[in-house]
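Notes follow the structure.
Please read these numbers as outputs of a predicted model, since none were measured by experiment. Start at 1 and go down the list; that is how both ligands and their atoms are numbered.
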Amino acid sequence: MAIDKFVSRHIGPREDDIKEMLKVIGVQSLDELIDQTVPANIRLEKPLNLSNGLTEREYFRKILKIAQKNKVFNTYIGMGWYDTITPSVILRNILENPVWYTSYTPYQAEISQGRLEALLNFQTMVCEMTAMPLANSSLLDEGTAAAEAMHMMYSLRSRAQEKAGANVCFVDELIWPQTLDVLITRAEPLGIELKIGNFKDAVAAENWFGAILQYPNSNGEIEDYAGFTKAVQEKGCKVAVATDLLALALLTPPGEWGADIVFGSSQRFGVSMGYGGPIAAFFATRDEYKRDLPGRIIGVSKDVNGKHALRLALQTREQHIKRDKATSNICTAQALLATMAGMYAIYHGPEGIKAIAERVHNIARLLAREITKLGYTQVNKKHFDTIRIDLPRHVKREDIEWLSVDLEMNFRYFENGQVGLSVDETTNIEDINWILEVFAKAANKPVPVIDSIADDRSVDADIKRQSKFLKQEVFSKYRSETEMARYIKRLEKKDISLVHSMISLGSCTMKLNAATEMLPLSWIEFNGIHPYVPKNQAMGYHELMEELRRDLAEITGFEDVSLQPNSGAAGEYAGLMVIREYHKSRGDGHRNVALIPSSAHGTNPASAAMAGMKVVVVPCDERGNIDVEALKVKAEEYKNDLACFMVTYPSTHGVFESSITEMCDIIHQNGGQVYMDGANMNAQVGLTNPSRIGADVCHLNLHKTFAIPHGGGGPGVGPICVAKHLVEFLPAHSVMNNGHVGIHAVASAPWGSASVLTITYGYIKMLGADGLTEATKIAILNANYIAARLKDNYGILYTGENGRVGHEMILECRHLKSAANISETDISKRLMDYGFHAPTLSFPVHGTLMVEPTESESKEELDRFVDTMNAIFDEIKEVETGVADAVDNVLMNAPHTAEMLTSNEWTHAYSREKAAYPLEWLRENKFWVPVGRVDNAWGDRNLFCTCEPLESYK
Ligand SMILES: Cc1ncc(COP(=O)(O)O)c(C=O)c1O
């Protein structure tokens, strides 16, 4: 391995290590291992047709050149994206900090208290701004949040409404066009009818179940919705309101005028536009609807010692458990961006947020006044940050357009010829003068000169917020940069991330997120661009996205790619909608049965249900493989209605099933399409591909296989790749031409979370064809090495025909439960004492642990993990043989906090040393778990999901 090659930095094991590992596995060469693992009938015949890998330095130059092709103008388009200032202390200590961006979704609460607190702050911020009692910890974007709101209101229909078939959701015509676009996509398969109109003329009918409004609306107008809301609710319907968090610092919040659901984007709280994303959507509702709330909720609970501890609440609502009965398919959300938005609120506090909002409002007022003086008419009666300008007859819109572009500014242009301006916290005196110059010149008037924004009037009294917000202590404590940085550091210290140790979560692919891949994210040329700017200002983005689409098509063997979906589950939904549209186009619109193996991830059935499909489960055999005979029977049984088969490959059991091509043939013979869940693509790249195995469409998890970090639960990117016959159905966008003409949008932004595509782009360019293939082989090597070293103690649940695992494996733990009453949860918690994050717990098989090491882990780290697992096995044996107490043992009491270990009282049947330093290397490098085992049930019984002083929930 040449040292200047990126592949040697991305991949963990060195050449000598590889030789040793192969010996332990019992093969002569890496190729022999791959031959034994990946069935010959699906192997690629040719290497990937991708460019050679660049060195980090070469890539840096390349991406810099691409960045320079993007032009950063001052953009006043609004429509859901606004320029914002990310406080540098947040940029450096969170966005650019691998502890925050490489950590996983906080399922293991005890080692995630930092990010759990950050997300609890976000929820609290949302509740405070919207005046709603309960919020989740983020959704994918505003459009999908609207779709979730619609779905939630639909699920909350009364019995009578259900019986009467109430299926109409009223949508005010003045919501963002992209939100409406996403609603249209989501409504149709569920049988929901959207009634689009002006709320002033609308009267709730018997067949309504809900209404969606936007506040301020898409013109920038602030309407009084209280009367409408009351009238609609009196008819038994719910009201959901899209809103702007910054505006709510000045306006009476929807929670105070009766909304049932309040949602929107938190982007302008310090998260860059990024050509559309990623951004965190928020979603708040009434307490009584908590069980229907989509997405993750952070809740307060306590640990075994009675200490305040946080964890994910009400998890039984999620698709992991509820599958096709779940109210939403959401899994990965936007944790990192929610963390940033919450921190922005903490750094500015209530007075800072209010001052920013007032300044923005005053700039909008000032512009309205000055532009009116130039002979224009400002048509919004009440506005926050957006004015809408009617041009006098002698002024041409084209003149405004070229004059503004000449001064490097973008305005919004309405279809009726009016011009919109949305200002933001970055707008300053100089910008104001430039804007006025455009309007003055276009009207042939002298250019006014403004030298201050001295107007400090707030909004009109009738719409003005009277209530206080952000009242909790956390929003007033950290005003100086020193204090803020230390707060962030304090939280960070409570969490295990990839910079602490290997995170062996099966199915999650926690590989290296290389610094060189991440750096361009902080560049204004990528993050300072609004998604609706003219394409010629985003040429860098388009070059990058075109190449990326081509590369992903090559890697998957497919024809084209949509980059729009914002997560794996969003990709599943998009892919299934594409399949649905394909069937419709052939007069087969009745095809609605999705065959899904019992081993599938919960998002699969949940996505199928969202796409209007009926889920039929296909069993697996005793080896964990899909029962091909049963598949055949079901496919034939449903042959007239078969829409698709959803299959994860290699399987969620970590095995390359050699019958995959046969399974795909069966589906095709019965008129169905094959959807491949790409969560396990890390085992395929360069060796086989979804097209080769016979699939028609797949999603990729760029936040797994292609190096985008997990961010503590998002962002994600779930592009879908499709065969030729499906290209015409890929999701379009109602505002921007994104190159596709198929179904309506599945996300707010035309190209989804565009800014993080730079990470995947860097990954592919630096590894190149050979490096990508090498990475796949080493991922398989690392997994088989662990399997070889752990099989005797734990047992590997499933292997392929030659006894090999793919890139991950399921460790059997059920025999330990029956022998010593030690569960897979106990093992997970004990791993924390050794400084490790647990593998995937009880998925896809209850009572097991699924381990995926990835190619990025070195042999040394794999050995440390294996030694730890074997040491834990010995501890279990001590319990089994009675050497250790059956209950008071290191496993059941794990994790051990420093407080527990240093307490004056120590009554346990084992020593402090055994608890804290079971292996020698821990004396050098110990992660101190901040809380003891968290009581999940107590937290759910006493649900509390915002920050409050401890006294209030004790
Ligand atoms: C097999 C599988 N499918 C789908 C998903 C959903 O992906 P996302 O979390 O990005 O929505 C996951 C996520 O863990 C998964 O493991």
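The cationic atom of R186 (NZ for Lys, CZ for Arg) lies less than 6.0 Å from the six-membered ring centre of Y573 and within 45° of the ring axis.
Under the salt bridge (Lys or Arg N to Asp or Glu O under 4.0 Å) criterion, R296 pairs with no residue at all, not counting sequence neighbours. In this structure, the salt bridge (Lys or Arg N to Asp or Glu O under 4.0 Å) partners of R549, at least two apart in sequence or on a different chain, are E546, D560.
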Check ligand 1 for close polar pairs with the protein: N or O on both sides, less than 3.5 Å.
| unit_1 | atom_1 | unit_2 | atom_2 | d |
| --- | --- | --- | --- | --- |
| ligand 1 | 3 (N) | D677 | OD1 | 3.3 |
| ligand 1 | 3 (N) | D677 | OD2 | 2.5 |
| ligand 1 | 7 (O) | N701 | ND2 | 3.3 |
| ligand 1 | 9 (O) | T332 | N | 3.1 |
| ligand 1 | 9 (O) | T332 | OG1 | 2.6 |
| ligand 1 | 10 (O) | T332 | OG1 | 3.3 |
| ligand 1 | 10 (O) | G568 | N | 2.7 |
| ligand 1 | 10 (O) | N701 | ND2 | 3.3 |
| ligand 1 | 10 (O) | H703 | NE2 | 2.6 |
| ligand 1 | 11 (O) | G568 | N | 3.4 |
| ligand 1 | 11 (O) | A569 | N | 2.8 |
| ligand 1 | 14 (O) | H601 | NE2 | 3.4 |
| ligand 1 | 14 (O) | K704 | NZ | 3.1 |
| ligand 1 | 16 (O) | S507 | OG | 2.6 |
| ligand 1 | 16 (O) | K704 | NZ | 3.0 |

Side-chain atoms of residues 743-750: list all donor-acceptor pairs with protein atoms under 3.5 Å, sequence neighbours left out, distances to 0.1 Å.
| unit_1 | atom_1 | unit_2 | atom_2 | d |
| --- | --- | --- | --- | --- |
| H744 | ND1 | D181 | OD1 | 2.6 |
| S748 | OG | G143 | N | 2.8 |

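Between Y104 and the options H703, H500, H710, a ring pair (Phe, Tyr, Trp, His ring centres under 6.0 Å) holds for only H710. Of the residues R115, Q113, Q108, the one that meets the side-chain hydrogen bond (donor to acceptor under 3.5 Å, both in side chains) test with D495 is R115.
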